[in-house]
Q: 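The following block contains the structure, expressed as structure tokens.
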2 protein chains.
Amino acid sequence: MDKKTRQKEAILRALKSTNSHPTADWIFTEVRKEIPNISLGTVYRNLKLLKEKGDIVELDLCSNLSRFDSYTEDHYHFRCENCHNIFDLDIPVDHDVNKRVTADTGYKVTGHCLEFRGLCKECY
Amino acid sequence: MDKKTRQKEAILRALKSTNSHPTADWIFTEVRKEIPNISLGTVYRNLKLLKEKGDIVELDLCSNLSRFDSYTEDHYHFRCENCHNIFDLDIPVDHDVNKRVTADTGYKVTGHCLEFRGLCKECY
DNA sequence: TTAGGTGCAAAACCTTTGCCATCCC
DNA sequence: GGGATGGCAAAGGTTTTGCACCTAA
């Protein structure tokens, strides 16, 4: 298993050539310049292999994933990795961290998203 | 605009009846008990309307969204809300926060995901 | 009366998978 | 040779959209 192939090497090279956290489709477009008949399925399969091997990571990013809540106050979440439930956390939201990161990085930070993960009380 | 309809009211009621952060499909299943011929499209449309009105929120949760990175060290990200680029942040990762939240909440926290947002240096 | 909402189905996306050919080890 | 991989296309899952009909105000 884990053969070295042109496709896999080109995918890894494309990923290393950027720090823009690309999507599979971006990588596909990029690699196709070199291997015009590579298929998107191959890109997905190799990204999966590279991830399993630890050469790359699939990023945990925050985004609206069509999960809804009628509780509209700003709060943090905890996700159980066993039962996959998401729980509201009753801990204070750190609003000052936005200012601190703005000062530290130069980006104009207006908000943040923080999620904890592990095992819930039932699954522990 | 913003008419009151049976469908919209049932959707909001379903959402208020739970704190499980449901998906559109869960809401669809739930509301269908009351309005058997409601369509999934209507659920999506009303969730969008309710969100715009501020009655509900669509949650910002962390997840693997098929964005990849060859930089495998643990680090935080900043997302520009104007140009939508994602930048690596060169600030220390707070590993202790997992322990603190474990102590405060009773959940067994083993990791967290933190993302900042706002405007990047170019867009500011 | 009429702008906005609904149901239905099709389209649009994105990701995975099955199949068979092909390529390395 | 034979298991791993690739190309292709079809299948899956989720969300959006076009359209004709309906309904609340």
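Below, chains carry the letters A, B, ... as their sequence lines are ordered, and counting in each starts from 1.
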Q: Just to be sure I understand the geometry, which residues of residues 53-64 of chain A put a non-hydrogen atom under 4.0 Å away from DNA chain D?
A: none

Q: Is the ring pair B:Phe116/B:Tyr76 parallel, tilted or perpendicular, if the boundaries are 30 and 60 degrees?
A: perpendicular

Q: How many Å lie between CG on B:Asp2 and P on D:dT23, as a whole number?
A: 19 Å

Q: Could you tell me if B:Lys121 sits above the aromatic ring of A:Tyr107, with its cationic atom closer than 6.0 Å to the ring centre and no more than 45 degrees from the axis?
A: yes

Q: Before you tell me yes or no, could you show the steps for B:Glu58 and A:Arg67 under side chain to side chain contact (heavy atoms under 4.5 Å, CB included), namely the whole-Å CA-CA distance, both residues' side-chain angles and the distance that decides it to 0.1 Å?
A: CA-CA 6 Å; B:Glu58 187 171 4; A:Arg67 302 200 71 128; over 6 Å; no

Q: Considering heavy-atom distances to DNA chain C, does B:Gly41 or B:Leu65 have its closest nucleotide positioned more toward the 5' end?
A: B:Gly41

Q: Nearest 0.5 Å, what's the NE2-CZ distance between A:His112 and B:Phe78?
A: 13.5 Å

Q: Could you tell me how far apart B:Asn37 (CG) and C:dT6 (P) are, to the nearest whole angstrom?
A: 11 Å

Q: Kindly indicate whether the side chain of B:Lys4 and the base of D:dA25 share any N or O donor-acceptor pair separated by less than 3.5 Å?
A: no

Q: Does A:Lys108 have more than 12 heavy atoms from other residues, nucleotides or ligands lying within 6.0 Å of its NZ?
A: no

Q: Between P on D:dG7 and OH on A:Tyr44, what's the gap in Å once rounded to a whole number?
A: 16 Å

Q: To the nearest Å, give me how far apart NZ (A:Lys51) and P (C:dT15) are.
A: 11 Å

Q: Using whole Å, report how far NZ of B:Lys3 lies from C1' of C:dG4.
A: 4 Å

Q: Want to settle it: does B:Thr5 or B:Asp25 sit nearer the 5' end of DNA chain D, counting the closest nucleotide to each?
A: B:Asp25

Q: Could you pick out which residue, A:Lys8 or B:Thr42, lies toward the 5' side of DNA chain D when each is mapped onto its nearest nucleotide?
A: A:Lys8

Q: Indicate, with a heavy-atom threshold strictly under 4.0 Å, whether B:Asn46 touches base, sugar-phosphate, or nothing.
A: sugar-phosphate

Q: Please classify the nucleic acid contact of B:Thr23 as base, sugar-phosphate, or nothing, using heavy-atom distances under 4.0 Å.
A: nothing

Q: Mind calculating the distance between CG (A:Leu40) and P (D:dG7) to the nearest angstrom?
A: 11 Å

Q: Just to confirm, is there a sub-4.0 Å distance from OP1 or OP2 of C:dG7 to any side-chain nitrogen or oxygen of B:Gln7?
A: yes

Q: Starting from C1' on D:dA4, measure out to CZ on A:Arg6 and report it in whole angstrom.
A: 17 Å

Q: How would you label the contact of A:Ile38 with the nucleic acid (heavy atoms, under 4.0 Å): base, sugar-phosphate, or nothing?
A: sugar-phosphate

Q: Where do A:Asp90 and A:His75 land on the side chain to side chain donor-acceptor pair (under 3.5 Å) test, with the steps shown first?
A: CA-CA 8 Å; A:Asp90 187 23; A:His75 60 282; over 6 Å; no

Q: Decide yes or no, distance alone: a donor-acceptor N/O pair under 3.5 angstrom between the base of C:dG7 and the side-chain of B:Arg45.
A: yes

Q: Within this structure, what is the CD1-to-C1' distance between B:Ile35 and C:dC8, rounded to whole angstrom?
A: 16 Å

Q: Any carboxylate oxygen within less than 4.0 angstrom of a Lys/Arg side-chain nitrogen, looking at B:Arg6 and B:Glu34?
A: no

